[in-house]
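Sequence positions, counted from 1, serve as the residue numbers for this chain.
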Amino acid sequence: MTQPTANWDTWGTTVESVTLAAGSISYRFDSTDSGNVNLDRVVVDSAPAPATGVYEAESASLSGGAVAQSDHPGYTGSGFVGGLTDANKGNAAITYAVTATAGSKSLALRYANGTGTSMTLSLYVAGTRLRQVTLPATANWDTWGTASEAVALVAGSNTIAYRFDTTDSGNVNVDSLTVSDATEPPPSGGPALENSFLSGGTTAGTSIAGYAGSGYVTGFTTVGARAIRTVNVTAAGAATTTLRYNNSSGSTKTLSTYANGIKAGQISLPATSGWATVQQSLTLRAGLNLIGYQYDSGDSGNVELDDLAVAGSASLAARGATVSYTEYEAENAATNGVQIGPDRTYRTVASESSGRRAVRLDNAGKYVDFTLTKPTNSIVVRYSIPDNAAGTGITAPLGIYTGGSKVKDLSLTSAYSWVYGNYPFPNDPGLGGGHRFYDEARTTLPSYAAGTVLRLQNDTSTPITIDLIDTEVAASAYTIPANSVDLTSYGAVSGGGDDTAAFNSAIAAAKSAGKTLWIPAGTFDLTARVNLDNVTIRGAGMWYSSVRGNAGRGGFFATGNNVQLADFTLAADVRYRDPDGSVTTDSAIEGNFGTGSLIHNVWIEHSKTGIWANSGTNGLYIVGVRVRDMFADGLNLNTFSGDGSPVRNTRVDQSVFRNTGDDAMAMWSFNSAVSDCAFTFNTATLPALANTAAIYGGANNRIEDNLLSDTVYTAAGITLSTWHSAQPFSGTTVVQRNTITRAGGFNTDWNSSQGGLWIYAEAREITAPILIKDVDIIDSTYQGILMTWQKTVSNITFDHVKVQNTGTYGIDVQVAGSGTFNYVTVSGASSGGLNNTLGFTLNRGAGNSGF
């Protein structure tokens, strides 16, 4: 096949791989050809040997209608494989014979998908279906992409097949498969279940051969043992799940299955002589879902789980939270307003804006126009309006228009923004130095298609600054699940006054009966915090069920095990920051969550802190939450509060934090160690004070796969520190696969800056192992990497770290000690690649540059 050239005076080249015998070569214009080309010459040369570990699809075993083709350019080898079409659904397959060493391998499938949407095939190893793999759309059928999967192979001969099963969408072309040693375990959002959230006794195991990925889940031996996996589903409804498991007991075993925290039934796992699969249908939501397997009373457990495939699922975000909304920056929209920024000067509106830019609508008639790239029926607007002289705030309407007609007014207020003076930043305009300018407002809308222009217009004389909007299709309200009690049956009335007593009565009744407390659509008021243990509270969804605080009070306080909170908004009413140690306002969700607790799909705003999990918490999973506009921390796992006992095995996952008044996410080992905890796949941005992610001492904790950006004051993107009277670091602390953008800050009290990544040995030396790996530090306000203060830092490794564009040094070391640097690159450092003031020893490995 030849491709068109620019004209008849332009010559091109096409390459074919053929096997030749002695004799001649001819090109013929057969009756099946299109001809009409000119030929210049033919060059015959030996074909290069295929790269080690590369297996061409056209040379594999093809069946069920899969066929070698060559009608799309860009393939490797002599062609590619097509025929994975609807006509061959359930039959078409490509089977590779692969020779490998034993161990975890990466399978990189080269494919083309010009359908415009993600498609799927099923992956088999040694004849056993491992999982469904998602192949995102490529630009067109002439553009090739790769999708990688981690699998375990045996030494010697292996068969690897990609099949168009009946549960797949197929309709892709496959070019080649590259098999290589896995360089690292897959990220915690990967398909293998050992990377899911494990608690209650479950752990990752490796002793049973034939598992996929880096291991499997074992330890389903006691009631409460569980594994919870996040999946991203393209459309709501029934989805077929395929669970790979091992049961060598000789008899059928059972586990309970949960979908988004609701028990969906019991799954039977027949006895096997190796790894096997079983299918189950689960009702899932569009977007992020939780699928859990748990040893409940009545189950027999004692199985191993390896892998989970979900039909109709798409990939989770590679870094940061997988969210259902689309974000649009005002500075990229059409406007007749005034663009402000970029500016990182503390106490300016631009410095607190996403990307450090926004649009100001000074008076009536000024607008920003956003063109939707996806449908929506809701909007969130991040905005700033002035405060009043008393510091109590003003209100102003913001018009939402489309097609020249007003849809509605969105009510804005400055009651929850603006603080003044120095730390802890009281709500007193007389102190001057105002900051914390932004708040957010949301509303539902009629349904609008992609391509619709939404106009936000100032119809008043009050200046309004627009930073960004989020739009999404808010799903219909959820219905009350079985085995629930309704809050309104205990006297709660939507919008009708104080419902605290009704909550307490309903919680007691639900707990006593072993039922779920249901918050229906509506707004229900708390004037004090309510205590929880061994109870589930669910709502009709974040857009429908709202629990509202009053006069700074109101929230949920955990006092024991098995607390689940899901599917509602907690709209607090905190309007200033308490001084440290004061208890005049409540946190939204706080306490000792004991074992077996779960917080998911909860929206929190205008509180003191969003989630404050304290001593005794063990095995809490926080996933899919939105924490906005706090006056202190967004989330803190700490041993400061409570009895001082450790916080263990708690994970914050797939969540979004924006405009917190202190650390967005923190682990604080005050009285004892926070241990084996993790922040994974979160997006944290714009803390008005402190860091997007911080670990203050503790053992074996992790920060992985996050997007962290736009810190403002006394801040870093990631901080590892012994500050705040923290316990020492122990075990291995891991920071890997994170992107830190526009981070760092300045402390005016210290007259010193903080880096995008900050290692701060303040009260104690930091000598336990720290691994910083696969981290991108982009456009730091000051240093890219900073290590301070007057204590030793040692046993730290930087591996594949990119520092690009810094306000001062790429790497600034102001401590004694030593560390290892491999594949660390520094570029665009305005003050130089390295400043090493105290003789810190850099053990330089391979691949370093720029410092």
By side-chain hydrogen bond (donor to acceptor under 3.5 Å, both in side chains), which residues pair with Tyr621, not counting sequence neighbours?
Asp653

If you measure only the distance, is there a donor-acceptor pair under 3.5 Å linking the side chains of Ser476 and Tyr544?
no

Please confirm whether the backbone N or O of Ala540 pairs with a side-chain atom of Ser545, one donor and one acceptor, at under 3.5 Å?
yes

Looking only at heavy atoms, which two atoms of Trp543 and Val380 are closest? And how far apart?
CH2-CG2, 4.1 Å

Closest approach of Pro386 to Thr462 (non-hydrogen atoms, all atoms of both residues):
CD-CG2, 3.8 Å

For the backbone of Ser378 and the side chain of Thr376, can you confirm whether one donor and one acceptor N or O come within less than 3.5 Å of each other?
yes

Is the terminal nitrogen or CZ of Arg436 (NZ for Lys, CZ for Arg) located under 6.0 angstrom from the six-membered ring centre of Phe631 and within 45° of that ring's axis?
yes

Do you know which two heavy atoms are closest between Ala330 and Ile466, and how far apart they sit?
CB-O, 3.2 Å

Do the side-chain N and O atoms of Thr680 and Arg737 include a donor-acceptor pair separated by under 3.5 angstrom?
no

So do the side chains of Tyr416 and Asp629 get within less than 4.5 Å of each other, counting heavy atoms only?
no

Could you walk me through whether Ile785 and Val801 pass the side chain to side chain contact (heavy atoms under 4.5 Å, CB included) test, one step at a time?
CA-CA 10 Å; Ile785 298 170; Val801 176; 4.2 Å; yes

Qualifying salt bridge (Lys or Arg N to Asp or Glu O under 4.0 Å) pairs with a residue from residues 363-378, counting only residues at least two apart or across chains
Asp369-Arg455

Tightest non-hydrogen contact, residues Ser196 and Arg229, listed as CB-CA, 3.8 Å

Quick one: does Val359's side chain get under 4.5 Å of Ile340's, heavy atoms only?
no

Will you find, in the side chains of Thr609 and Ser587, an N or O donor that is under 3.5 Å from an N or O acceptor?
yes

Asp573: which residues meet the salt bridge (charged side-chain N to carboxylate O under 4.0 Å, His left out) condition with it, sequence neighbours left out?
Arg575

Would His600 and Asp567 count as having a side-chain donor-acceptor pair, cut-off 3.5 Å?
no

Ring pair (Phe, Tyr, Trp, His ring centres under 6.0 Å) against Tyr111, all qualifying residues, sequence neighbours excluded:
none

Under 3.5 Å, is there a donor-acceptor pair linking the side chains of Ser827 and Gln804?
no

Could you tell me whether the side chain of Asp663 and the main chain of Asn691 form a donor-acceptor pair under 3.5 Å?
yes

Candidate pair Asn113 and Thr115, rule side chain to side chain contact (heavy atoms under 4.5 Å, CB included), full reasoning
CA-CA 6 Å; Asn113 172 11; Thr115 65; 2.6 Å; yes

Partners meeting salt bridge (charged side-chain N to carboxylate O under 4.0 Å, His left out) with Arg356 (sequence neighbours left out)
Asp710

Among residues at least two apart in sequence or on other chains, which ones pass salt bridge (charged side-chain N to carboxylate O under 4.0 Å, His left out) with Asp776?
Arg319

Can you check whether Thr685 reaches Phe657 side chain to side chain, under 4.5 Å on heavy atoms?
no

Using the ring of each side chain (for Trp, its six-membered ring), is Tyr346 parallel, tilted or perpendicular to Tyr713, with breaks at 30° and 60°?
parallel

Is a donor from one side chain sitting under 3.5 angstrom from an acceptor on the other, for Asn682 and Asn706?
yes

Can you confirm whether the side chains of Arg538 and Gln564 place a donor and an acceptor under 3.5 Å from each other?
yes

Is any side-chain heavy atom of Trp144 closer than 4.5 Å to one of Thr138?
no

Please report the closest heavy-atom contact between Ala441 and Ser411, naming both atoms and the distance.
CB-O, 3.9 Å

Residue set satisfying salt bridge (charged side-chain N to carboxylate O under 4.0 Å, His left out) with Glu440, at least two apart, ordered chain then number -> Arg628, Arg658

How would you list, by chain and number, every residue that makes a ring pair (Phe, Tyr, Trp, His ring centres under 6.0 Å) with Phe524, sequence neighbours excluded?
none

Distance flag, aromatic centroids of His435 and Phe425, threshold under 6.0 Å:
yes

Does the side chain of Leu720 come within less than 4.5 Å of Val735's, by heavy atoms?
yes

Is the side chain of Ser655 donor-acceptor paired with the backbone N or O of Gly624 at a distance under 3.5 Å, no angle test?
yes

For Gln736 and Val775 the tightest heavy-atom approach is CA-CG2, 4.1 Å

Residue pairs meeting salt bridge (Lys or Arg N to Asp or Glu O under 4.0 Å), one or both in residues 457-468, sequence neighbours left out, come to Arg382-Asp467, Lys406-Asp459

Just to verify, what does Asn377 make a side-chain hydrogen bond (donor to acceptor under 3.5 Å, both in side chains) with, not counting sequence neighbours?
none

So Leu361 and Val368, do their side chains get closer than 4.5 Å, heavy atoms only?
yes

With sequence neighbours excluded, tell me which residues meet side-chain hydrogen bond (donor to acceptor under 3.5 Å, both in side chains) with Arg357.
none

Applying side-chain hydrogen bond (donor to acceptor under 3.5 Å, both in side chains) to Ser780 and not counting sequence neighbours gives none

Do Glu329 and Ser354 have side-chain atoms, one donor and one acceptor, less than 3.5 Å apart?
yes

Hey, are the side chains of Ser351 and Asp343 touching, using non-hydrogen atoms and a 4.5 Å cut-off?
no

